[in-house]
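These notes are about the structure you will find just below.
Starting from 1, each residue takes its place in the sequence as its number. One-based numbering, in listed order, for ligands and for the atoms of each.
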Amino acid sequence: MILFNDFNKEPEELVRRELAASERVLRSGSFILGTEVRRFESSWAQTCGSAHAIGTGNGMDALEIGLRALGIGPGDEVVAPALTAFPTVLAILRAGALPVLADINEQTGLMDLKSVERCISDRTKALLPVHLFGRILNMEDCQELCRSHEIHLVEDCAQAHLASWNGRQAGTFGDFGAYSFYPTKNLGARGDAGALVTNSPELAALASELRHYGQRESYRHDNAGLNSRLDELQAAILSERLSFLEDWTSRRRDIGEKYCEMILNEQIKLLSKPLQPSSHSYHLFVILSEKRNALMEHLKRNGIVSLIHYPIPIHHQPPCREVRRDPVGLMNAESFAGRCISLPCHPFLTDAEIERIAEVINAFR
Ligand SMILES: *Cc1c(COP(=O)(O)O)cnc(C)c1O
């Protein structure tokens, strides 16, 4: 069986280091907002080339906290893509603001900036691009659009660890970037974890208060914040796992390239190639098929697990059925959601397994 993620294939050396890190925390007697969190925050900020990283309980909260720290709330609109993980949009709703849904580009699955233009109104306060599947958008275009409309730029980087555009890491192009370290993400904890990265000292200070009950100093609450802290155990484990991230990411890029070369079935549509070698971190390798159910069944019969990201676009989710959207429609998001299939793309796939998957796909009629 070729699994979608295979944690049991992680190197024994990593397991030993994680066990030692866990013991270190358990014996330290410090479990919340201690030295491990500060150490990981500082390494993650450095990895991203960002001045600050604030650890949070998860990626969705990092987005909500960042939006609230920018003063975005009731009556404000935030433009987001109609095809993304639901938490992208749920974070906007949780901040009290209104999501407005833009269509996607069918070659990449990413937010289409022409559609974004049609979504912007005088209530729009921010653009929230999602670097979906690990592919970063053209960030100069996003910056230019935000400058011309005088709105904030905030990035959902939950799938885009180490994806960069012209040498700059995801999350550093606008006001802040939100990362998730959910276990299956390219850098995953052993439970929930997330972080917000920003170059603004004011935003960093406010975000670190908001994640901690809006507490400025002990027992003084200037804001009605939330409880969303990264804990010491996850931070210590993340620090160990971080030293493997570069290798894992280059293996994911290898796998992406191999799939692109080896999948030759004319009934299958590949997404467009990344524009720069480092602009895609291949969190997911996604293909399109008109006969999705049959292809997934065929893969399963051949011992290969595949998934769908995402079967239901945001505007068909009950809490979002009434939200404002591109007046022209969300046709690409609809059609993509009906055809997309994600293939296994974790860094422990062997060359033989990749060949096998390509062979099985090429034999599909
Ligand atoms: C995983 C994910 C999130 C949410 O992250 P959590 O840590 O699960 O809260 C948000 N956006 C995208 C695109 C994601 O893939």
Considering only heavy atoms of [X], which atoms of ligand 1 have at least one such atom less than 4.0 Å away?
| X | answer |
| --- | --- |
| Val130 | 13 (C) |
| Asn58 | 7 (O), 9 (O) |
| Gly59 | 5 (O), 6 (P), 7 (O), 9 (O) |

- prompt: With a 4.0 Å heavy-atom cut-off (strictly under), which part of Asp61 contacts ligand 1: side chain, backbone, both or neither?
  reply: neither
Geometric class of the [Y]/[X] ring pair [parallel <30°, tilted 30-60°, perpendicular >60°]:
| X | Y | value |
| --- | --- | --- |
| His346 | Phe348 | tilted |
| Phe364 | His298 | tilted |
| Tyr179 | His161 | tilted |

query: Hey, is CD on Gln267 packed in by over 12 heavy atoms from elsewhere, all under 6.0 Å?
result: yes
Between [X] and ligand 1, is there a nitrogen or oxygen pair with a distance under 3.5 Å?
| X | answer |
| --- | --- |
| Ala158 | no |
| Asp192 | no |
| Thr84 | no |
| Ser180 | yes |

With respect to [atom], which of [options] exhibits the smallest heavy-atom separation?
| atom | options | value |
| --- | --- | --- |
| atom 4 (C) of ligand 1 | Ala85, Ala91, Pro87 | Pro87 |
| atom 2 (C) of ligand 1 | Gln159, Glu64, Lys185 | Lys185 |
| atom 11 (N) of ligand 1 | Thr56, Asp156, Leu63 | Asp156 |

- request: With the side chain counted from C-beta on, respond yes when Val37 and Arg39 share a heavy-atom pair under 4.5 Å apart, and no when they do not.
  value: no
Between Arg17 and Ser243: side-chain donor-acceptor atoms closer than 3.5 Å: yes
message: Could you go through Asp175 and His152, starting from their C-alpha distance and side-chain angles, then the distance that decides it, and tell me whether this counts as side chain to side chain donor-acceptor pair (under 3.5 Å)?
response: CA-CA 7 Å; Asp175 294 273; His152 293 290; 3.1 Å; yes
- request: From the options Ile54, Leu70, Ile65, select the one residue that forms a side-chain contact (heavy atoms from CB on, under 4.5 Å) with Phe176.
  value: Leu70
- prompt: Can you tell me which residue and heavy atom of the protein come closest to atom 9 (O) of ligand 1, and the distance to 0.1 Å?
  reply: Met60 N, 2.9 Å
